Amino acid sequence: MSLFVRLVRAQLTFGVIFASYMVQLALAKVFGRPRWISRRQARIDEKNSQRLLAGMLRLRGVYIKLGQVLSIMGGFLPPPYIKRLETLQDAVPPHPFDEIEGAFVKSLGAQPAAFFRSMDREPVAAASLGQVHVAYMDDGRKVAVKVLYPGIRDVVRVDMRVIALMVRVYKWFVPVQNIEAVHESLSDLLRRETDYLHEAECMRRMSANFVDDDHILFPEVVDEVTTRDVLTMSFMEGIKITRFDEIRERGVDLRKLGERLVKSFYKQVFVDRFFHADPHPGNFLVQPVEGSDDAKLVVLDFGAISEVSDKTVNGMVDVLRGFFEQNDALVLQGIEAIGFVAEGGDRALLEQTVKTYFRKLLKLEARTPAALMKANAAELEALADPEVERSELRNLMRSVHYPDGWFYVERASIMMFWLAGQIAPDLDQVQVGFPYVLPLLSERLASTRPSSSPDGDAQPAASG
């Protein structure tokens, strides 16, 4: 498929979906909301979810990755979309081996046989940007060879043009300031994910951050067979983290496993300030520890590693502190510190909305992720309602600024929250991670005392 044809197909796929909803909006405006309009809406959602999935599978590349993220983060999407996009987590079609072999030769200048005793033709994993094959070194070591799909960088460039257009259309309906940062962050993320030398360095750095924890495992880079387009690493055995029945059969306590996963994430964000921004199920394996109910956690795929700024961490700490103290002013202070308050926006309206939302959280008793997960659809819908007049809604949205760098934190947090919730639904993730936040809470409290230094920002921990 040529890049021009790809561009046209992508625009056609999203254009048809967009047009169908515009027609529905026009009909609703004319006829109101009778029952037949609601039934038609349900049929449109079902049909468009099929169109979107088919389009993403045909286009592959960035759209597969986008669909995977939306399947977890897309709580704003109608249920048919979530149901269909979830299939993208495990159903990415692989590329032919001849194509992969050609990319390998182009990057390393020789056939795989020059580096390996053997290399499997069938991939062990296929992703949106590349796929992984098992190979054996001459000394017998089993390795995983990750090969970037040929021409994928050109494909990414074209796809991001379409997504930029989608963001502009989205802004017509949701005029949040700096929403373009989502597109910029995604572009940056894809640039880093298509550079395997960068991924290798991130793998080493994160491994060094957990060198004292023998229950968190990372692959080791095989430098002599690693380039910008090929990443060779030690092969990591384990059970996919969402195969719960198989993990239970091996005697593993899922609650302990969930705790280990959550603790590792809190450490990355609040201590190392260097975190895995793509914690979807395919990036974690479980190695049961014989003779116990414990397990080791294997972490994979380091292209989407990101850093978090001090101001963002401090803002999140203030939000958590405000939540614990039932202090909505402190919650707003944290939101402002992160960068969500737009310059020149209606701060009073934003403050009113934050207070309303905060009261709903307390009424729902959503002090734990488990409580939110158990909430029914009506409760979640009420929670999402800002309770402002329609005339004020656009002013509210204009008062929100999408902070630079927040895309990675938000994406990783939601995906990790979702995954840990699947493993151990009753786990209080806030309580589990509290020991990593407590020192920062103490620092923030000390910074508000008259005798303390005016600079209360926490400094990043050494992270290799």
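Every value quoted in this text rests on a predicted model; they were computed, and no experiment measured them. Residues: numbered from 1 along the sequence shown.
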* Asked: Less than 4.0 Å between a side-chain N and a carboxylate O, is that true for Asp272 and Arg205?
  -> no

* **Shortest non-hydrogen contact between Pro281 and Ile241, atoms and distance** => O-CG2, 3.7 Å

* To do: Flag the pair Asp229 and Arg153 as a salt bridge only when some basic side-chain nitrogen lies within less than 4.0 angstrom of an acidic carboxylate oxygen.
  => yes

* Asked: Got a salt bridge between Arg204 and Asp223, using NZ or NE/NH1/NH2 to carboxylate O under 4.0 Å?
  -> yes

* side-chain contact (heavy atoms from CB on, under 4.5 Å) assessment of Arg58 paired with Thr13 -> CA-CA 10 Å; Arg58 184 170 60 247; Thr13 296; 3.5 Å; yes

* State, yes or no, whether a side-chain contact exists between Arg121 and Asp98 at a heavy-atom distance under 4.5 Å. => yes

* Let me see the working for Val409 and Phe275 under side-chain contact (heavy atoms from CB on, under 4.5 Å), right down to the final yes or no. => CA-CA 9 Å; Val409 178; Phe275 65 97; 3.9 Å; yes

* To do: Go through the structure and list residues passing side-chain contact (heavy atoms from CB on, under 4.5 Å) with Ser292, not counting sequence neighbours.
  => Val289, Asp294

Check residues 49-56 and write down every donor-acceptor pair under 3.5 Å in which the side-chain atom is one partner and the other belongs to a residue at least two apart or another chain.
unit_1, atom_1, unit_2, atom_2, d
Ser49, OG, Asp45, O, 3.3
Ser49, OG, Glu46, O, 2.7
Ser49, OG, Arg84, NH1, 3.1
Arg51, NH1, Asn48, OD1, 2.7

* Residue pair His280, Asn283: steps toward the side-chain contact (heavy atoms from CB on, under 4.5 Å) verdict -> CA-CA 6 Å; His280 72 74; Asn283 287 338; 3.5 Å; yes

* Cationic N near anionic O, under 4.0 Å, Asp139 to Arg117 -> no

* Asked: Would Arg141 and Glu220 pass as an ion pair if we require N to O under 4.0 Å?
  -> no

* Asked: Between Ile44 and Ser20, what is the shortest heavy-atom contact and its length?
  -> CG2-OG, 3.9 Å

* Asked: Going from OG1 on Thr194 to OH on Tyr149, what distance comes out if it is rounded to the nearest 0.5 angstrom?
  -> 14.0 Å

* To do: Check the angle between the aromatic planes of Phe284 and His276 and answer parallel, tilted or perpendicular using the 30° and 60° thresholds.
  => tilted

* To do: For the pair Val317 and Glu443, evaluate side-chain contact (heavy atoms from CB on, under 4.5 Å) and give the outcome as yes or no after the intermediate values.
  => CA-CA 10 Å; Val317 169; Glu443 287 180 20; over 6 Å; no

* Might you point out which heavy atoms bring Pro150 and Glu99 nearest each other, and give the distance in Å? => CG-CG, 3.6 Å

* How close do Leu254 and Phe244 get, heavy atom to heavy atom, and via which atoms? -> CD1-CB, 4.2 Å

